[in-house]
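Positions are given from 1, in the same order as the sequence printed here. Computed from a predicted model, the values in this text were never measured in an experiment.
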Amino acid sequence: MRALFKLVLIVGGLVLAIGCSSSDSDSNNDIDLSNNACGVLGLKSLRPKIFDGSECSEKTSPVVELRVRFNLTEEFVCTGTLITSKEILTAAHCLRGPNNENPITATAIIGGKSIFAEAYKIHPSYRVETEAVFNDLAILRLPQRVSITPVGLLVSSATEAGDVLNIFGYGLDENGNLGTLKSGQILADRVTANHVVTIFGSDGSNTCTGDSGGPAIRVEDRNGSILTGVVGVTSYGDLEAECKEGDTTFFTRTDISASVNFIQTYAPGVQLL
């Protein structure tokens, strides 16, 4: 499998998919997966969309669209999650240009308004190898607080194979549309020391190009108390299946110490669940 990122390049209005992280089928499907996870974040469900998923209302969403420029002619689309009222968690590769350059601007679209980030920090141990990417995390800091409820990190219990993940992003849907918040569910196929891995089957939904940096969210019922938190960030996958059945996605785990320490350092207000 080639390690390919999941972000979209826009050049003069033309959308170029330069990497698709999605999933592959192995159908663990004793569990009924939903094509709509909007309600997990308390968001209204709109008309069907995503890659086999549903469009969510964006006005109060903590999952936000990111637009990143490395020069004056090219703009990349990624996804991020408000984990405090000022900090956004996303993927490190969203803030590294094609030639490893730094962005000249990074803009978050929150509640319909564009807000330029005032600073960002990439995980110091982020690295890209031939067929794997590690510590693919970054924090964007906004110049002012926003009045949207953030999402915490679910760290008190580890994700396991067979767990349901709620996925969100602004990437391409099955019709090639881009730039609207979509959601759905997919099963965790396996969990490694660094990644949660999903395989897209004939049920549920999938991530695709432009969803890089978006969250995998898990809901846990702990003795009647419902915990909802981020357990992974969409990182990379393989392009051959074009986000369709048979594609694999790797999410950077956010519950391991290397991730938690980094996130707490640059987003000290993040809630750990």
Side-chain angles (χ1 to χ4, degrees), residues 4-8 17-23 35-38 40-41 43 49-58 61-68 76-83 87-95 106-110 117 120 123 133 136-140 148 150-154 159 164-173 177-186 188 195-198 200 204-219 228-237 243 247-255 259 263 267:
L4 291 171
F5 293 130
K6 242 171 96 184
L7 63 165
V8 174
I18 64 171
C20 179
S21 185
S22 45
S23 314
N35 299 93
N36 184 346
C38 301
V40 168
L41 296 179
L43 304 176
K49 219 150 171 35
I50 206 184
F51 208 96
D52 290 340
S54 296
E55 182 181 347
C56 302
S57 57
E58 300 174 15
S61 173
V63 182
V64 301
E65 182 180 359
L66 302 178
R67 298 282 181 128
V68 184
F76 291 84
V77 173
C78 273
T79 300
T81 307
L82 281 160
I83 55 171
E87 280 92 19
I88 295 170
L89 177 65
T90 189
H93 73 262
C94 291
L95 299 172
T107 306
I109 302 172
I110 302 174
Y120 71 91
H123 195 296
V133 182
D136 192 5
L137 299 175
I139 299 288
L140 285 171
I148 289 177
V151 184
L153 306 180
L154 184 54
T159 300
V164 174
L165 303 178
N166 301 279
I167 52 176
F168 296 81
Y170 287 81
L172 295 174
D173 66 10
N177 297 312
L178 174 74
T180 52
L181 178 60
K182 294 144 290 184
S183 76
Q185 293 183 330
I186 195 167
H195 301 99
V196 177
V197 186
T198 60
F200 184 44
S205 304
N206 192 26
T207 56
C208 198
T209 309
D211 292 329
S212 278
I217 290 175
R218 190 158 57 80
V219 178
T228 301
V230 178
V231 296
V233 168
T234 306
S235 179
Y236 71 98
C243 307
D247 241 349
T248 302
T249 302
F250 288 75
F251 297 84
T252 298
R253 288 180 61 181
T254 54
D255 62 343
S259 298
I263 293 169

Contact between [X] and [Y] at the side-chain level, heavy atoms closer than 4.5 Å - yes or no?
X	Y	answer
Leu66	Thr90	yes
Leu140	Leu95	yes
Cys243	Leu172	no
Val231	Asp255	no
Val63	Pro215	yes

- Which class fits the ring pair Tyr236 and Phe250: parallel under 30°, tilted 30 to 60°, perpendicular over 60°?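 Tyr236 vs Phe250 ring planes: parallel.
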Could you state the interatomic distance from [atom1] ([X]) to [atom2] ([Y]), rounded to the nearest 0.5 Å?
X	Y	atom1	atom2	value
Ser205	Leu165	OG	CG	12.0 Å
Thr79	Leu181	OG1	CG	8.0 Å
Asp211	Tyr170	CG	OH	10.5 Å
Ile88	Cys78	CD1	SG	12.0 Å

My understanding is that only residues two or more places apart in sequence, or in another chain, count here; which of them pass side chain to side chain donor-acceptor pair (under 3.5 Å) with [X]?
X	answer
Thr107	none
Arg218	Ser157, Thr159, Glu220
Glu65	Arg67

- Message: Can a side-chain donor-acceptor contact be found between Thr207 and Thr249 if the only test is distance below 3.5 angstrom?
- Response: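 Yes, a side-chain donor-acceptor pair sits under 3.5 Å.
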- Message: Under a 3.5 Å threshold, yes or no: a donor from one side chain and an acceptor from the other, between Ser235 and His195?
- Response: no
- Item | Test ring pair (Phe, Tyr, Trp, His ring centres under 6.0 Å) applied to His123 - qualifying residues, sequence neighbours left out | Phe262
- Note on the structure: The side-chain contact (heavy atoms from CB on, under 4.5 Å) partner of Val64 among Ile110, Thr81, Ile148 is Ile110
